[in-house]
Amino acid sequence: MIRDSETLNVLLDTVNRFVRERLVPVEAQVAETDEIPQDIVDDMKQMGLFGLTVPEQYGGLDLTMEEEVMVMLAMGQTSPCFRSLFGTTVGIGSLGILFDGTEDQKAKYLPKLATGELIASFALTEPGAGSDAASLTTTAILDGDHYVVNGTKRYITNSPHAGIFTLMARTNPADKGASGVSAFIVEATTPGITIGKVDKKMGQRGAHTADVIFENCRVPVSQLMGGKEGQGFKTAMKVLEKGRIHIAAICVGVAERMLRDALNYAIDRKQFGQPIAEFQLVQAMLADSQAELYAARCMVIDAARKRDEGLNVATEASCCKLFASEMCGRVADRAVQIFGGAGYLSEYGIERFYRDVRLFRLYEGTSQIQQIVIARNMVREAKR
Ligand code: COS
């Protein structure tokens, strides 16, 4: 749902200009240094990018899903590490508070998240619990008016910068399943938290992940999400469901960028006396990419609209994430192929995108997890 297209267009114009004039020129530098320059971070805060999804009453822009998708399509036109910096704060790191937090928790944290004063991270994955998220073993044991948290969270995006963690931990160790898990808002300054070494990754340099280790970390009872135990897994699933549409939109945006770069290269590059864009085998790669991109774009917008209408989009969200992330990988591969030898050299940038987008098929649920969610929902629906 687009509430006011004029206001949205102003925002999109601003984001498009920011991407074109500020982000694209520093893509290579950020990849080289693994740091997003502070003035860019400050500009992102000022533009309200950290508060895209926070309700207006807490100082955010309160975008609908369709509006958020539009902004992500624009953000996708540059290296995905830039989106990642505010992505956990507008997405998986803060949505738990928005969906299931108490009024006090919302009032305390959402305004600071909206301005970017606090960065939020989502702490679900563990060394032994990835796709099987419900098997997590981090514990949070009630002791007076605190929970004592012990365990290690892995691959936690933005953890080195986080002000708060949305933490999923087992409050009932006797219950090994999803219903033994609770969600907490944990302030990063709480004693007993150590952030591990920043991970060396295949791509998305500038976006940082690390382990978060909790050792007898005493978290006040007031930080239990929604004041209710046993709801944490469901909170995580709801958060991830929305996050999957957001990621799918980014996949579409980045694929558009890669295809545009490949098309321009194919028009410029001459072999056998003519631009390689005139060769049908190259055209096949361009056309397949364009068709798949169009399909993914339509899917993402459709899912966003349905979510805005209040419909259950669990299946659609997984379809979008599955198709858009796999599409993005295929487009990246064809783009490198069209660039030929230049596609393998870092100075042309396309090999960086090729590495960057590989993550899309893995995080916020692998492609195989999306297939499982889709098929399970189909079977459940058919049995009804
Ligand atoms: N919205 C609300 N509730 C949901 C839900 C959703 N989208 N999906 C599941 N739930 C609920 C279920 O209804 C169930 O509740 P009841 O027991 O009351 O019926 C509960 O959550 C457990 O669900 P389920 O039985 O499906 O859990 P499983 O352990 O079988 O796990 C998968 C399901 C595999 C889908 C889940 O573990 C998953 O998504 N894994 C991937 C995790 C992930 O994306 N990690 C990325 C890390 S963050 S970058």
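Position 1 is the first residue of the sequence; numbering continues from there. Not measured: the values here are computed from a predicted model. Both counts, for ligands and for their atoms, begin at 1 and track the order of listing.
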Exercise for the section: Output, in order, the C-alpha distance, side-chain angles, deciding distance and verdict of side-chain hydrogen bond (donor to acceptor under 3.5 Å, both in side chains) for T152 and D211. Expected result: CA-CA 7 Å; T152 297; D211 280 5; 5.9 Å; no

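Atom OH of Y265 is surrounded by more than 12 heavy atoms from other residues, nucleotides or ligands within 6.0 Å.
Test K106, K238, Q231, Q105 against D100 for side chain to side chain donor-acceptor pair (under 3.5 Å) and you get one pass: K238.
Listed by first and then second residue, the salt bridge (charged side-chain N to carboxylate O under 4.0 Å, His left out) pairs that reach into residues 14-24 are R22-D39, R22-D43, sequence neighbours excluded.
At a 4.0 Å heavy-atom cut-off, the residues surrounding ligand 1 are F122, T125, G130, S131, A133, A134, A178, F233, K234, M237, K238, L240, E241, R244, E364, G365, I369, V373, R376, listed by chain and number.
Among residues two or more places apart in sequence or in another chain, the side chain to side chain donor-acceptor pair (under 3.5 Å) test is passed with K306 by D302. Judged as a side-chain contact (heavy atoms from CB on, under 4.5 Å), and not counting sequence neighbours, the contacts of C319 are M299, T315, I374.
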